[in-house]
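These values consider heavy atoms only, across backbone and side chains, with no hydrogens, waters or symmetry-generated copies. Letters A, B, ... mirror the listed sequences (proteins, then strands); counts begin at 1.
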Amino acid sequence: MEPVKVRIEGLEVHYASKRALHGVHLEVNTNEVLALIGPSGCGKSTLLRALNRMNEVLPGVKQRGSITLEGDRIDQMDVVELRRRVGMVFQRSNPFAKSIFENVAFGLRIAGLTSTSELAGRVEQSLVQAALWDEVKDRLGDSALALSGGQQQRLCIARALAVQPEVVLMDEPASALDPIATARIEELIHELKTRYTIVIVTHNMQQAARVSDRTAFLYMGELVEVGRTETIFTNPSMKRTEDYVTGKFG
Amino acid sequence: MPGHTDKAFERDLQTLRDKLLAMGARAEAMIAESVLCLAERDSRLGKHVIASDAEVNRLEVEVDDLCRRVLALRQPAASDLRFITTALKIVTDLERVGDLAVNIAERAIDLNDAQPMPIYGDLPHLAQLAQTQLKDSLDAFVAGDAAKAEALLGRDELLDALFLKLFNDLLQLMMEDSKHVRRATNLVFVAKHLERIGDHALNIAEMVIYMVRGTDVRHPLSRELHRAHAS
(Lines give C-alpha, C1' and ligand atoms only; values in the text may rest on other atoms or scores of the structure.)
Protein backbone atom coordinates (compact mmCIF):
# COMPACT_ATOMS: atom_id res chain seq x y z
CA MET A 1 0.00 0.00 0.00
CA GLU A 2 1.29 3.44 -0.97
CA PRO A 3 1.56 6.04 1.81
CA VAL A 4 -1.42 8.24 2.54
CA LYS A 5 -1.40 11.47 0.53
CA VAL A 6 -4.58 13.07 1.80
CA ARG A 7 -6.29 12.24 5.08
CA ILE A 8 -9.83 13.44 5.75
CA GLU A 9 -11.08 13.15 9.33
CA GLY A 10 -14.54 13.96 10.60
CA LEU A 11 -15.29 16.29 7.71
CA GLU A 12 -18.55 18.17 7.99
CA VAL A 13 -19.69 20.84 5.53
CA HIS A 14 -22.81 22.99 5.81
CA TYR A 15 -24.24 25.29 3.14
CA ALA A 16 -26.22 27.73 5.31
CA SER A 17 -28.68 25.39 7.06
CA LYS A 18 -28.15 22.44 4.74
CA ARG A 19 -25.71 19.78 5.87
CA ALA A 20 -23.86 18.66 2.74
CA LEU A 21 -21.33 16.32 4.34
CA HIS A 22 -21.02 14.81 7.76
CA GLY A 23 -18.63 12.52 9.56
CA VAL A 24 -16.53 11.73 6.51
CA HIS A 25 -13.33 9.84 7.21
CA LEU A 26 -11.36 8.95 4.11
CA GLU A 27 -7.78 8.48 3.03
CA VAL A 28 -6.39 8.99 -0.45
CA ASN A 29 -3.23 7.02 -1.14
CA THR A 30 -0.30 8.35 -3.13
CA ASN A 31 -0.50 7.59 -6.86
CA GLU A 32 -3.93 6.08 -6.73
CA VAL A 33 -7.06 7.04 -8.61
CA LEU A 34 -9.94 7.38 -6.19
CA ALA A 35 -13.43 7.72 -7.67
CA LEU A 36 -16.24 9.40 -5.76
CA ILE A 37 -19.66 8.17 -6.81
CA GLY A 38 -23.20 8.74 -5.58
CA PRO A 39 -26.51 10.29 -6.63
CA SER A 40 -26.86 14.03 -7.26
CA GLY A 41 -26.66 16.01 -4.04
CA CYS A 42 -24.83 13.26 -2.14
CA GLY A 43 -21.89 15.54 -1.39
CA LYS A 44 -19.25 14.15 -3.73
CA SER A 45 -18.47 17.50 -5.41
CA THR A 46 -18.47 19.20 -2.01
CA LEU A 47 -15.95 16.62 -0.81
CA LEU A 48 -13.80 17.12 -3.90
CA ARG A 49 -13.86 20.90 -3.55
CA ALA A 50 -12.97 20.64 0.15
CA LEU A 51 -9.64 19.12 -0.86
CA ASN A 52 -8.31 22.39 -2.26
CA ARG A 53 -10.52 24.70 -0.25
CA MET A 54 -12.74 25.68 -3.14
CA ASN A 55 -15.80 25.65 -0.87
CA GLU A 56 -14.41 28.69 0.92
CA VAL A 57 -15.31 30.93 -1.98
CA LEU A 58 -19.01 30.14 -1.54
CA PRO A 59 -20.95 32.35 0.92
CA GLY A 60 -22.38 30.73 4.06
CA VAL A 61 -20.22 27.63 3.98
CA LYS A 62 -19.15 26.20 7.31
CA GLN A 63 -16.67 23.37 7.58
CA ARG A 64 -15.46 21.23 10.48
CA GLY A 65 -13.01 18.36 10.72
CA SER A 66 -9.53 18.15 9.34
CA ILE A 67 -7.93 17.52 5.99
CA THR A 68 -4.21 16.96 5.76
CA LEU A 69 -1.93 16.82 2.76
CA GLU A 70 1.11 14.71 3.57
CA GLY A 71 0.41 15.31 7.24
CA ASP A 72 0.01 19.11 7.02
CA ARG A 73 -3.39 20.65 7.69
CA ILE A 74 -4.59 22.31 4.51
CA ASP A 75 -6.56 25.00 6.37
CA GLN A 76 -3.26 26.29 7.71
CA MET A 77 -1.55 26.40 4.34
CA ASP A 78 -1.27 29.33 1.99
CA VAL A 79 -4.27 28.78 -0.27
CA VAL A 80 -2.37 29.64 -3.46
CA GLU A 81 0.33 27.13 -2.57
CA LEU A 82 -2.35 24.53 -1.67
CA ARG A 83 -4.05 24.96 -5.04
CA ARG A 84 -0.72 24.62 -6.79
CA ARG A 85 -0.18 21.32 -5.01
CA VAL A 86 -3.79 20.23 -5.43
CA GLY A 87 -4.95 21.14 -8.95
CA MET A 88 -8.42 20.87 -10.37
CA VAL A 89 -10.07 20.04 -13.68
CA PHE A 90 -13.73 20.95 -14.05
CA GLN A 91 -16.72 19.42 -15.81
CA ARG A 92 -16.85 22.01 -18.57
CA SER A 93 -13.53 22.83 -20.10
CA ASN A 94 -12.81 26.44 -19.33
CA PRO A 95 -9.81 27.59 -21.32
CA PHE A 96 -8.95 31.27 -21.15
CA ALA A 97 -9.49 33.37 -24.28
CA LYS A 98 -5.78 33.22 -24.93
CA SER A 99 -3.45 31.17 -27.05
CA ILE A 100 -2.86 27.49 -26.36
CA PHE A 101 0.63 28.33 -25.10
CA GLU A 102 -0.55 31.10 -22.78
CA ASN A 103 -3.26 28.90 -21.30
CA VAL A 104 -0.70 26.37 -20.15
CA ALA A 105 1.86 29.02 -19.17
CA PHE A 106 -0.70 31.00 -17.16
CA GLY A 107 -0.12 29.37 -13.77
CA LEU A 108 3.63 29.34 -14.32
CA ARG A 109 3.71 33.10 -14.98
CA ILE A 110 1.66 33.70 -11.82
CA ALA A 111 4.17 31.58 -9.94
CA GLY A 112 6.86 34.00 -11.16
CA LEU A 113 8.47 31.99 -13.93
CA THR A 114 9.76 34.38 -16.57
CA SER A 115 12.46 32.53 -18.46
CA THR A 116 11.16 31.99 -22.00
CA SER A 117 13.05 28.76 -22.52
CA GLU A 118 11.96 27.35 -19.17
CA LEU A 119 8.35 28.34 -19.87
CA ALA A 120 8.51 26.69 -23.30
CA GLY A 121 9.94 23.53 -21.77
CA ARG A 122 7.29 23.29 -19.07
CA VAL A 123 4.46 24.02 -21.54
CA GLU A 124 5.69 21.28 -23.85
CA GLN A 125 6.12 18.82 -21.00
CA SER A 126 2.60 19.52 -19.71
CA LEU A 127 1.05 19.18 -23.16
CA VAL A 128 2.90 15.91 -23.69
CA GLN A 129 1.66 14.60 -20.33
CA ALA A 130 -1.88 15.65 -21.23
CA ALA A 131 -1.54 13.75 -24.55
CA LEU A 132 -2.21 16.92 -26.54
CA TRP A 133 1.27 17.92 -27.73
CA ASP A 134 1.19 16.12 -31.09
CA GLU A 135 -2.10 17.74 -31.99
CA VAL A 136 -1.14 21.33 -31.13
CA LYS A 137 2.64 21.61 -31.37
CA ASP A 138 2.47 23.45 -34.71
CA ARG A 139 -0.15 25.95 -33.59
CA LEU A 140 0.69 26.91 -30.03
CA GLY A 141 -0.10 30.55 -30.85
CA ASP A 142 -3.66 29.76 -31.98
CA SER A 143 -6.59 30.56 -29.74
CA ALA A 144 -7.43 27.80 -27.27
CA LEU A 145 -11.08 28.40 -28.05
CA ALA A 146 -10.55 26.99 -31.56
CA LEU A 147 -9.82 23.53 -30.14
CA SER A 148 -12.46 20.79 -30.01
CA GLY A 149 -14.23 20.04 -26.71
CA GLY A 150 -12.03 17.05 -25.99
CA GLN A 151 -8.87 18.99 -26.84
CA GLN A 152 -9.98 21.90 -24.64
CA GLN A 153 -10.46 19.52 -21.72
CA ARG A 154 -6.98 18.04 -22.23
CA LEU A 155 -5.65 21.60 -22.45
CA CYS A 156 -7.20 22.30 -19.05
CA ILE A 157 -5.52 19.15 -17.73
CA ALA A 158 -2.20 20.40 -19.18
CA ARG A 159 -2.81 23.76 -17.49
CA ALA A 160 -3.41 21.98 -14.17
CA LEU A 161 -0.26 19.86 -14.64
CA ALA A 162 1.99 22.78 -15.60
CA VAL A 163 2.39 23.94 -12.02
CA GLN A 164 3.47 20.42 -11.05
CA PRO A 165 0.74 19.52 -8.59
CA GLU A 166 0.82 16.42 -6.42
CA VAL A 167 -2.92 15.80 -6.44
CA VAL A 168 -5.29 16.36 -9.36
CA LEU A 169 -9.01 16.72 -8.63
CA MET A 170 -11.32 15.99 -11.55
CA ASP A 171 -14.99 16.94 -11.41
CA GLU A 172 -16.84 15.02 -14.14
CA PRO A 173 -13.97 15.64 -16.57
CA ALA A 174 -15.52 13.72 -19.45
CA SER A 175 -19.24 14.25 -19.00
CA ALA A 176 -19.47 16.74 -21.87
CA LEU A 177 -17.30 14.73 -24.26
CA ASP A 178 -18.03 12.19 -26.99
CA PRO A 179 -16.97 8.53 -26.46
CA ILE A 180 -13.63 8.91 -28.31
CA ALA A 181 -12.63 12.06 -26.40
CA THR A 182 -13.79 10.32 -23.20
CA ALA A 183 -11.60 7.31 -23.96
CA ARG A 184 -8.61 9.66 -24.44
CA ILE A 185 -9.23 11.28 -21.06
CA GLU A 186 -9.57 7.88 -19.40
CA GLU A 187 -6.37 6.65 -21.00
CA LEU A 188 -4.71 9.84 -19.84
CA ILE A 189 -5.87 9.23 -16.26
CA HIS A 190 -4.21 5.80 -16.37
CA GLU A 191 -0.94 7.40 -17.44
CA LEU A 192 -1.13 10.32 -15.02
CA LYS A 193 -1.50 8.17 -11.94
CA THR A 194 2.11 7.09 -12.16
CA ARG A 195 3.04 10.70 -11.29
CA TYR A 196 0.00 12.13 -9.57
CA THR A 197 -2.67 11.23 -7.05
CA ILE A 198 -6.07 11.60 -8.66
CA VAL A 199 -9.50 12.05 -7.14
CA ILE A 200 -12.31 11.95 -9.68
CA VAL A 201 -16.02 12.65 -9.31
CA THR A 202 -18.14 10.95 -11.92
CA HIS A 203 -21.77 10.14 -12.56
CA ASN A 204 -20.72 7.58 -15.12
CA MET A 205 -20.29 4.43 -13.09
CA GLN A 206 -18.67 2.48 -15.89
CA GLN A 207 -16.10 5.26 -16.05
CA ALA A 208 -15.48 5.00 -12.30
CA ALA A 209 -15.13 1.24 -12.73
CA ARG A 210 -12.67 1.65 -15.60
CA VAL A 211 -10.34 4.35 -14.34
CA SER A 212 -10.14 4.06 -10.58
CA ASP A 213 -8.24 1.85 -8.16
CA ARG A 214 -10.64 2.50 -5.31
CA THR A 215 -14.16 3.83 -5.23
CA ALA A 216 -15.98 5.70 -2.48
CA PHE A 217 -19.77 5.74 -2.47
CA LEU A 218 -21.48 8.72 -0.85
CA TYR A 219 -25.15 9.03 -0.04
CA MET A 220 -26.92 11.98 1.57
CA GLY A 221 -23.68 13.49 2.81
CA GLU A 222 -22.32 10.29 4.31
CA LEU A 223 -19.53 8.07 3.14
CA VAL A 224 -21.31 4.72 2.90
CA GLU A 225 -18.49 2.53 1.65
CA VAL A 226 -15.00 2.77 0.24
CA GLY A 227 -13.09 -0.14 -1.22
CA ARG A 228 -11.30 -1.63 -4.19
CA THR A 229 -13.21 -0.60 -7.30
CA GLU A 230 -13.55 -4.18 -8.47
CA THR A 231 -15.14 -5.14 -5.14
CA ILE A 232 -17.50 -2.16 -5.11
CA PHE A 233 -18.78 -3.09 -8.58
CA THR A 234 -18.91 -6.86 -8.18
CA ASN A 235 -19.59 -7.50 -4.51
CA PRO A 236 -20.10 -4.40 -2.36
CA SER A 237 -20.54 -4.84 1.40
CA MET A 238 -23.29 -2.32 2.01
CA LYS A 239 -26.83 -2.70 0.73
CA ARG A 240 -27.09 0.99 -0.19
CA THR A 241 -24.00 0.63 -2.39
CA GLU A 242 -25.45 -2.50 -3.99
CA ASP A 243 -28.74 -0.68 -4.66
CA TYR A 244 -26.93 2.27 -6.20
CA VAL A 245 -24.55 0.39 -8.49
CA THR A 246 -27.35 -1.91 -9.67
CA GLY A 247 -29.67 1.02 -10.36
CA LYS A 248 -32.25 0.36 -7.67
CA PHE A 249 -32.43 3.92 -6.35
CA GLY A 250 -35.29 6.39 -6.59
CA MET B 1 -35.72 -5.51 -1.99
CA PRO B 2 -36.36 -2.45 -4.17
CA GLY B 3 -36.70 -3.11 -7.87
CA HIS B 4 -34.56 -1.53 -10.53
CA THR B 5 -35.46 2.03 -11.43
CA ASP B 6 -35.31 0.93 -15.06
CA LYS B 7 -38.30 -1.39 -15.36
CA ALA B 8 -37.24 -2.80 -18.74
CA PHE B 9 -34.01 -4.01 -17.09
CA GLU B 10 -36.07 -5.54 -14.29
CA ARG B 11 -38.18 -7.37 -16.89
CA ASP B 12 -35.10 -8.66 -18.71
CA LEU B 13 -33.72 -10.13 -15.48
CA GLN B 14 -37.07 -11.72 -14.66
CA THR B 15 -37.33 -13.21 -18.16
CA LEU B 16 -33.83 -14.61 -17.78
CA ARG B 17 -34.72 -16.15 -14.41
CA ASP B 18 -37.91 -17.66 -15.87
CA LYS B 19 -36.11 -19.16 -18.84
CA LEU B 20 -33.44 -20.73 -16.62
CA LEU B 21 -36.11 -22.20 -14.38
CA ALA B 22 -38.03 -23.58 -17.35
CA MET B 23 -34.81 -25.10 -18.61
CA GLY B 24 -34.00 -26.58 -15.19
CA ALA B 25 -37.50 -28.03 -14.84
CA ARG B 26 -37.28 -29.55 -18.33
CA ALA B 27 -33.84 -31.05 -17.60
CA GLU B 28 -35.07 -32.51 -14.29
CA ALA B 29 -38.09 -34.07 -15.97
CA MET B 30 -35.87 -35.53 -18.71
CA ILE B 31 -33.67 -37.34 -16.18
CA ALA B 32 -36.70 -38.65 -14.30
CA GLU B 33 -38.21 -39.94 -17.55
CA SER B 34 -34.97 -41.48 -18.79
CA VAL B 35 -34.51 -43.35 -15.50
CA LEU B 36 -38.15 -44.46 -15.56
CA CYS B 37 -37.70 -45.60 -19.16
CA LEU B 38 -35.03 -47.99 -17.87
CA ALA B 39 -36.75 -49.05 -14.64
CA GLU B 40 -40.13 -49.72 -16.25
CA ARG B 41 -38.75 -50.86 -19.60
CA ASP B 42 -40.96 -48.28 -21.30
CA SER B 43 -39.16 -47.06 -24.40
CA ARG B 44 -41.89 -44.53 -25.21
CA LEU B 45 -40.60 -42.45 -22.27
CA GLY B 46 -37.08 -42.61 -23.72
CA LYS B 47 -38.30 -41.36 -27.06
CA HIS B 48 -40.07 -38.50 -25.32
CA VAL B 49 -36.80 -37.57 -23.58
CA ILE B 50 -34.96 -37.53 -26.91
CA ALA B 51 -37.66 -35.28 -28.40
CA SER B 52 -37.53 -32.92 -25.39
CA ASP B 53 -33.89 -32.08 -25.95
CA ALA B 54 -34.76 -29.58 -28.66
CA GLU B 55 -36.60 -27.42 -26.13
CA VAL B 56 -33.63 -27.39 -23.75
CA ASN B 57 -31.33 -26.45 -26.64
CA ARG B 58 -33.69 -23.66 -27.71
CA LEU B 59 -33.76 -22.28 -24.17
CA GLU B 60 -29.96 -22.40 -24.01
CA VAL B 61 -29.71 -20.21 -27.11
CA GLU B 62 -32.34 -17.82 -25.76
CA VAL B 63 -30.64 -17.50 -22.36
CA ASP B 64 -27.25 -16.85 -24.00
CA ASP B 65 -28.80 -14.28 -26.26
CA LEU B 66 -30.54 -12.45 -23.42
CA CYS B 67 -27.35 -12.46 -21.29
CA ARG B 68 -25.38 -10.90 -24.15
CA ARG B 69 -28.07 -8.29 -24.65
CA VAL B 70 -28.16 -7.37 -20.94
CA LEU B 71 -24.34 -7.18 -20.80
CA ALA B 72 -24.17 -4.95 -23.87
CA LEU B 73 -27.08 -2.66 -23.06
CA ARG B 74 -27.16 -2.47 -19.26
CA GLN B 75 -23.57 -3.00 -18.08
CA PRO B 76 -24.83 -4.78 -14.95
CA ALA B 77 -22.93 -4.45 -11.68
CA ALA B 78 -22.72 -6.18 -8.29
CA SER B 79 -25.48 -8.80 -7.71
CA ASP B 80 -26.87 -8.25 -11.23
CA LEU B 81 -23.44 -8.91 -12.74
CA ARG B 82 -23.01 -12.02 -10.62
CA PHE B 83 -26.47 -13.21 -11.65
CA ILE B 84 -25.70 -12.76 -15.36
CA THR B 85 -22.33 -14.52 -15.13
CA THR B 86 -24.01 -17.33 -13.16
CA ALA B 87 -26.73 -17.61 -15.81
CA LEU B 88 -24.09 -17.86 -18.56
CA LYS B 89 -22.33 -20.66 -16.71
CA ILE B 90 -25.25 -22.76 -15.50
CA VAL B 91 -27.02 -22.62 -18.84
CA THR B 92 -24.19 -24.80 -20.18
CA ASP B 93 -24.55 -27.22 -17.27
CA LEU B 94 -28.30 -27.50 -17.82
CA GLU B 95 -27.87 -28.09 -21.53
CA ARG B 96 -25.33 -30.82 -20.81
CA VAL B 97 -27.71 -32.41 -18.27
CA GLY B 98 -30.31 -32.52 -21.06
CA ASP B 99 -27.79 -34.24 -23.35
CA LEU B 100 -26.91 -36.76 -20.64
CA ALA B 101 -30.60 -37.55 -20.10
CA VAL B 102 -30.83 -38.22 -23.85
CA ASN B 103 -27.79 -40.49 -23.62
CA ILE B 104 -29.38 -42.40 -20.74
CA ALA B 105 -32.62 -42.70 -22.71
CA GLU B 106 -30.75 -44.10 -25.73
CA ARG B 107 -29.00 -46.71 -23.57
CA ALA B 108 -32.27 -47.54 -21.84
CA ILE B 109 -34.05 -48.09 -25.18
CA ASP B 110 -31.25 -50.45 -26.22
CA LEU B 111 -31.50 -52.30 -22.88
CA ASN B 112 -35.27 -52.53 -23.14
CA ASP B 113 -34.92 -54.46 -26.39
CA ALA B 114 -32.84 -57.14 -24.62
CA GLN B 115 -33.48 -59.54 -21.73
CA PRO B 116 -33.68 -57.83 -18.31
CA MET B 117 -30.42 -57.76 -16.39
CA PRO B 118 -30.15 -59.97 -13.32
CA ILE B 119 -28.99 -57.04 -11.15
CA TYR B 120 -29.14 -53.29 -11.28
CA GLY B 121 -27.45 -53.01 -7.92
CA ASP B 122 -27.19 -49.45 -6.70
CA LEU B 123 -28.37 -47.91 -9.94
CA PRO B 124 -31.77 -46.74 -8.60
CA HIS B 125 -30.01 -45.19 -5.61
CA LEU B 126 -27.49 -43.46 -7.88
CA ALA B 127 -30.31 -42.17 -10.09
CA GLN B 128 -32.20 -40.85 -7.12
CA LEU B 129 -29.11 -39.11 -5.71
CA ALA B 130 -28.28 -37.45 -9.03
CA GLN B 131 -31.85 -36.18 -9.38
CA THR B 132 -31.88 -34.88 -5.80
CA GLN B 133 -28.58 -33.08 -6.34
CA LEU B 134 -29.90 -31.35 -9.45
CA LYS B 135 -33.23 -30.47 -7.85
CA ASP B 136 -31.54 -29.07 -4.72
CA SER B 137 -29.04 -27.05 -6.75
CA LEU B 138 -31.88 -25.52 -8.78
CA ASP B 139 -33.90 -24.85 -5.61
CA ALA B 140 -30.84 -23.09 -4.14
CA PHE B 141 -30.59 -21.02 -7.33
CA VAL B 142 -34.26 -20.02 -7.21
CA ALA B 143 -34.11 -19.12 -3.52
CA GLY B 144 -30.64 -17.54 -3.75
CA ASP B 145 -29.72 -19.83 -0.85
CA ALA B 146 -25.93 -20.18 -0.55
CA ALA B 147 -26.15 -22.38 2.56
CA LYS B 148 -28.33 -24.90 0.72
CA ALA B 149 -25.89 -24.85 -2.20
CA GLU B 150 -23.00 -25.36 0.18
CA ALA B 151 -24.70 -28.41 1.71
CA LEU B 152 -24.65 -30.02 -1.74
CA LEU B 153 -20.90 -29.83 -2.16
CA GLY B 154 -20.11 -32.65 0.27
CA ARG B 155 -22.68 -35.01 -1.22
CA ASP B 156 -20.93 -35.39 -4.57
CA GLU B 157 -18.42 -37.84 -3.10
CA LEU B 158 -21.27 -40.22 -2.32
CA LEU B 159 -22.27 -40.22 -5.98
CA ASP B 160 -18.71 -40.90 -7.04
CA ALA B 161 -18.40 -43.77 -4.56
CA LEU B 162 -21.69 -45.29 -5.69
CA PHE B 163 -20.65 -45.08 -9.31
CA LEU B 164 -17.37 -46.80 -8.56
CA LYS B 165 -19.10 -49.61 -6.68
CA LEU B 166 -21.63 -50.09 -9.46
CA PHE B 167 -18.87 -50.10 -12.05
CA ASN B 168 -16.99 -52.82 -10.17
CA ASP B 169 -20.16 -54.89 -9.72
CA LEU B 170 -20.95 -54.69 -13.44
CA LEU B 171 -17.36 -55.50 -14.35
CA GLN B 172 -17.55 -58.56 -12.14
CA LEU B 173 -20.76 -59.60 -13.89
CA MET B 174 -19.15 -59.25 -17.30
CA MET B 175 -16.14 -61.31 -16.21
CA GLU B 176 -18.38 -64.05 -14.88
CA ASP B 177 -20.51 -64.34 -18.01
CA SER B 178 -19.68 -62.72 -21.33
CA LYS B 179 -23.30 -62.74 -22.48
CA HIS B 180 -23.87 -59.83 -20.08
CA VAL B 181 -21.20 -57.64 -21.71
CA ARG B 182 -23.44 -55.60 -24.00
CA ARG B 183 -26.12 -54.93 -21.38
CA ALA B 184 -23.67 -54.36 -18.52
CA THR B 185 -21.69 -51.93 -20.68
CA ASN B 186 -24.87 -50.02 -21.37
CA LEU B 187 -25.51 -49.87 -17.63
CA VAL B 188 -21.98 -48.65 -16.95
CA PHE B 189 -22.67 -45.80 -19.39
CA VAL B 190 -25.97 -45.01 -17.67
CA ALA B 191 -24.22 -44.95 -14.30
CA LYS B 192 -21.47 -42.70 -15.66
CA HIS B 193 -24.04 -40.30 -17.12
CA LEU B 194 -25.81 -40.12 -13.74
CA GLU B 195 -22.51 -39.44 -12.01
CA ARG B 196 -21.83 -36.65 -14.54
CA ILE B 197 -25.26 -35.15 -13.87
CA GLY B 198 -24.21 -34.98 -10.23
CA ASP B 199 -21.08 -33.08 -11.31
CA HIS B 200 -23.17 -30.55 -13.25
CA ALA B 201 -25.44 -30.10 -10.20
CA LEU B 202 -22.28 -29.44 -8.21
CA ASN B 203 -21.17 -26.79 -10.73
CA ILE B 204 -24.56 -25.11 -10.40
CA ALA B 205 -24.32 -25.16 -6.60
CA GLU B 206 -20.83 -23.58 -6.74
CA MET B 207 -22.11 -20.84 -9.03
CA VAL B 208 -25.06 -20.20 -6.68
CA ILE B 209 -22.56 -19.60 -3.87
CA TYR B 210 -20.72 -17.15 -6.13
CA MET B 211 -23.96 -15.47 -7.15
CA VAL B 212 -25.06 -14.93 -3.55
CA ARG B 213 -21.77 -14.27 -1.76
CA GLY B 214 -19.42 -13.23 -4.53
CA THR B 215 -17.01 -15.99 -3.46
CA ASP B 216 -15.54 -18.39 -5.98
CA VAL B 217 -15.38 -21.83 -4.33
CA ARG B 218 -14.89 -23.92 -7.46
CA HIS B 219 -11.32 -25.02 -6.86
CA PRO B 220 -8.86 -24.76 -3.97
CA LEU B 221 -6.86 -22.37 -6.17
CA SER B 222 -9.81 -20.04 -6.74
CA ARG B 223 -10.41 -19.91 -3.00
CA GLU B 224 -6.79 -18.91 -2.42
CA LEU B 225 -6.98 -16.32 -5.20
CA HIS B 226 -10.11 -14.87 -3.67
CA ARG B 227 -8.43 -14.55 -0.29
CA ALA B 228 -5.31 -12.96 -1.76
CA HIS B 229 -7.47 -10.56 -3.77
CA ALA B 230 -9.57 -9.53 -0.82
CA SER B 231 -6.62 -8.84 1.48
To the nearest 0.5 angstrom, please state how far the CG atom of A/N235 sits from the CE atom of B/M211. 12.5 Å
Report, as yes or no, whether the 6.0 Å neighbourhood of atom CZ on A/R92 holds more than 12 heavy atoms from other residues, nucleotides or ligands. no
What are the two closest heavy atoms between A/T246 and B/A77, and how far apart are they? CG2-O, 3.2 Å
Can you confirm whether A/R73 is buried at CZ, in the sense that more than 12 heavy atoms of other residues, nucleotides or ligands lie under 6.0 Å from that atom? yes
Say whether, by atom type as modelled, one donor and one acceptor occur between the side chain of A/E242 and the main chain of B/S79 under 3.5 angstrom. yes
B/K192, NZ atom: more than 12 neighbouring heavy atoms under 6.0 Å: yes
I need the residue from B/D6, B/D80, B/T85 with the largest number of non-hydrogen atom pairs under 4.5 Å to chain A. B/D80
How long is the gap from OH on A/Y244 to OG1 on B/T5, to the nearest 0.5 Å? 10.5 Å
Would the number of heavy atoms belonging to other residues, nucleotides or ligands and lying under 6.0 Å from CZ of B/F167 be above 12? no
